[in-house]
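Counting convention: from 1, in listed order, for ligands and their atoms alike.
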Amino acid sequence: MSDNVRVVFIDNPPVNGLGAAVRTYLMNELERALADEKVEAIVLSGKGKMFSAGADIREFGKEPSFGTPSLPDLIDAIERSKKPVVAAIHGVAAGGGLELALGCHARIATPDARLGLPEVTLGIIPGAGGTQRLPRLIGIKESLGLITEGKLIPAPKAHALGFVDEIASGDLMSAATALASRATLRRTSELPVADDPSAVAEARKAAAKSRGFEAPLAAIEAIQAAATLPKDQGFRKEREIFLKLVSSDQSKALRHVFFAERESAKIPDVPPETKTKDVASAGVIGCGTMGGGIAMCFANAGIPVVVVEGDASALERGLERIRGLYESSMSRGRISKDDFDKRMSLLSGTTDFSRVSQADIVVEAVFEEMLVKKNVFEKLDSICKEGAILATNTSSLDVNEIALSTSRPSSVIGTHFFSPANVMKLLECVRGTETSKETIASVFQLAKKLDKVAVLVGVGDGFVGNRMLYAYRRQADFLLEDGALPHEVDQAVVDFGLPMGPYAMADLAGLDIGWAVRKRQEATRPKHLRYSTIPDRICELGRFGQKTGAGFYRYEKGSRTPIPDPEIAALVEGVSRELGIERRSFTKEEIVERCVYALINEGARVLEEGIALRASDIDLVWIHGYGFPRYRGGPMFYADTVGVKKVYDAVSRFHVEQGEWMRPAPLLERLAREGGAFQG
Ligand code: CAA
Ligand code: NAI
């Protein structure tokens with residue numbers, strides 16, 4: 001390396017976060033290098049796995065200690081430097097990390113490095129010049145795409161776009177030093193940038209689709225300011241917006257989710273050093289709706305998978321469905337022909353159980369009937385190799401009972417995928433009494449490979465997600481009896497940020513399965529508890545949802561658009577009359593309160609019963625399994641945002657009005673009394 005080039009490292013494991021100490025160090029090192037006559041140029045690089053993942057998110061909302069340079073000040077000082085500074089990027093340059101690099105006079109990256117400005121995913125915008133410098137390098141249109149989506153892109157793409165100057169084919173540090181020796185003082189913020197009103201309009205339209213989410217629209221405003229305001233004003237505008245968003249509820253919620261997603265894999269009695277089994281091959285039993293989707297998850301992750309069906313024609317139909325789904329992904333450009341061929345070649349189907357004998361994991365996804373499942377597990381027990389993980393996708397049955405039908409209950413675990421399994425991110429991992437730590441750790445490791453968010457849950461009807469869903473749906477049904485109509489409930493919930501209301505969702509999933517379960521439970525249903533007959537009466541009309549062209553809504557032939565149906569309004573009003581309820585209208589806020597507070601109250605019970613390990617795990621279940629708006633942090637975080645006391649008061653009121661179902665959970669009551677919160 002050249003003697004005249006000073007190399008300065010960011011050294012703050014694990015991700016080189018740009019916390020106060022790092023910023024102070026970098027500023028001091030810059031000043032020393034500038035003062036040293038022998039130094040002609042500087043290379044800025046990262047120690048360890050990456051360049052830098054940006055600002056230290058844990059510092060947000062806290063005042064930096066006196067004398068600490070802010071990130072914008074540090075970056076300005078670098079850009080103003082009279083000696084060229086080159087960023088040498090490997091691993092990741094994200095957020096403030098990339099902004100730091102954009103303030104340098106040139107950037108060089110390894111071919112496998114990833115770069116981006118993911119701030120919107122944390123409910124903020126880049127706050128250290130990113131929205132002002134990036135457009136000056138790659139134009140408004142490309143910057144809009146990168147910043148509003150917040151994705152990291154590979155270095156070669158960043159090079160093609162123009163914000164990486166060189167890709168290092170050999171040793172990064174040698175190439176960076178060579179580049180520094182010949183670099184000029186090209187100051188990004190002094191480059192011109194032209195406005196692009198049509199790209200801005202396009203981006204606004206796209207951002208409006210993420211209903212209620214503020215950050216993307218705010219980012220667009222800041223990016224456009226780079227072209228429409230004088231330079232200093234543009235930077236000031238960005239900072240103003242950043243500071244406003246950093247203290248917003250949405251940003252707090254998104255930061256909570258960021259850490260929750262990392263926390264969920266930490267299981268108190270399953271330490272990180274727990275032995276794991278690597279899953280290199282898989283079997284799936286049942287090629288129906290779920291089995292097919294689960295098999296796709298394995299193939300997508302490059303893991304060979306054999307699907308076993310009891311019935312040859314069901315197998316053929318299931319495999320055809322998988323092929324169709326892949327073909328449609330290919331025709332929409334989501335996967336290439338190569339991806340398609342590779343995935344299909346990893347997948348095979350059979351009616352011969354012995355084909356899964358050597359699989360590292362077998363996931364059962366047959367009918368939801370205990371006897372059928374037990375038979376399957378007995379068979380697996382006799383066939384599968386020692387050490388194989390035996391998993392069930394049951395959505396409600398007792399995993400312990402299933403485990404006891406084998407001679408190896410420690411290898412049995414629930415892996416509850418959500419429909420469509422190849423799309424939804426959530427994996428509820430159901431821990432049975434005997435499930436071993438090794439089995440749990442291995443399934444969590446596998447979940448990462450499958451790109452799923454794994455959450456550990458305990459055995460119990462509906463585990464976490466569906467149990468809370470029952471409480472939510474019950475409230476929705478009571479709202480119908482009390483005066484609302486299905487489309488009013490759905491609209492309020494959608495405006496709150498969920499992708500679909502409970503009735504559009506019920507029609508999509510089909511009403512007949514729930515009806516069959518309720519009929520089975522009718523004899524044992526506690527009669528003192530309020531029970532709405534509306535869903536049963538709709539099924540009695542042969543309306544099972546989209547598949548029969550009618551359910552809570554009606555559907556035009558071939559269409560999936562729900563249309564409010566006067567026949568249902570009459571049915572609902574008739575039920576209220578029979579019950580002697582004087583119907584009243586509900587505001588959207590009241591509807592959301594009733595439905596979401598019911599979720600929170602049930603969530604509190606789930607938590608105190610130990611079915612979930614922590615409140616943030618419940619939030620992940622609802623965000624990744626049911627589309628609860630991420631920018632609200634999940635139902636339990638939302639309770640903290642609203643104030644637990646306020647939620648408790650409302651639930652207590654519902655309890656008086658509606659009876660036992662809405663009795664406040666003891667945990668909710670205690671937190672309200674103590675002025676506490678779910679996030680400790
Ligand atoms: N601040 C604080 N902690 C961070 C962090 C950050 N920016 N990024 C990651 N961490 C922590 C994680 O919480 C985790 O901690 P634990 O081990 O205690 O759980 C640890 O670092 C490792 O992180 P991952 O498990 O995520 O590691 P990974 O290798 O899977 O992923 C990564 C690495 C792609 C960089 C990923 O961590 C990531 O995406 N980080 C966030 C990047 C980001 O959003 N940066 C923007 C910050 S905002 C900003 O910079 C504002 C500004 O403009 C001034
Ligand atoms: P499905 O009815 O679509 O598929 C079940 C498949 O299993 C059928 O193709 C059937 O032929 C096959 N099968 C039945 N017995 C078999 C046996 N002994 N050996 C081999 N194959 C057999 O059912 P779906 O919806 O895929 O559900 C499967 C499991 O997943 C159930 O336990 C269900 O509760 C659970 N689940 C379902 C969700 C959903 O939204 N459909 C969501 C999450 C879990």
Which protein heavy atom lies closest to [atom], and at what distance to 0.1 Å?
atom	answer
atom 16 (P) of ligand 1	Lys266 NZ, 3.6 Å
atom 36 (C) of ligand 1	Arg262 NH2, 4.0 Å
atom 21 (O) of ligand 1	Pro14 CG, 3.5 Å
atom 1 (N) of ligand 1	Ile57 N, 2.9 Å

For ligand 1, which atoms, with element, lie under 4.0 Å from some heavy atom of [X]?
X	result
Phe259	13 (O)
Leu122	44 (O), 47 (C), 48 (S)
Pro126	53 (O)
Glu99	52 (C), 53 (O), 54 (C)
Ala53	7 (N), 35 (C), 42 (C), 43 (C), 45 (N), 46 (C), 47 (C)

For ligand 1 and [X], I'd like to know whether there is a polar contact (N/O to N/O, distance under 3.5 Å).
X	answer
Gly127	yes
Phe242	no
Glu119	yes
Arg114	no
Gly96	yes
Ala55	yes

How does [X] reach ligand 2, by side chain, by backbone, by both or by neither, if only non-hydrogen atoms under 4.0 Å count?
X	answer
Phe417	backbone
Leu397	neither
Asn375	neither

Inset, instruction - Between Val366, Thr351, Ile513, Leu371, flag the one that comes closest to atom 13 (N) of ligand 2 by a heavy atom. - result: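 Of the listed residues, Val366 has the closest heavy atom.
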
Inset, instruction - Can you figure out which of Glu309, Lys379, His416 has its heavy atom closest to atom 10 (C) of ligand 2? - result: Glu309

Ligand 2 contacted by [X] (non-hydrogen, < 4.0 Å):
X	answer
Arg317	no
Glu364	no
Gly318	no

Legend entry - Ligand-residue contact atoms, ligand 2 with Val376, heavy atoms, under 4.0 Å: 18 (N)

Inset, instruction - May I ask whether Lys49 has any heavy atom positioned less than 4.0 angstrom from an atom of ligand 1? - result: yes

Inset, instruction - Measure the distances from the heavy atoms of Gly130 to every atom of ligand 1 and state whether one is below 4.0 angstrom. - result: no

Legend entry - ligand 1 versus Leu71: contacting region, heavy-atom distance under 4.0 Å: side chain

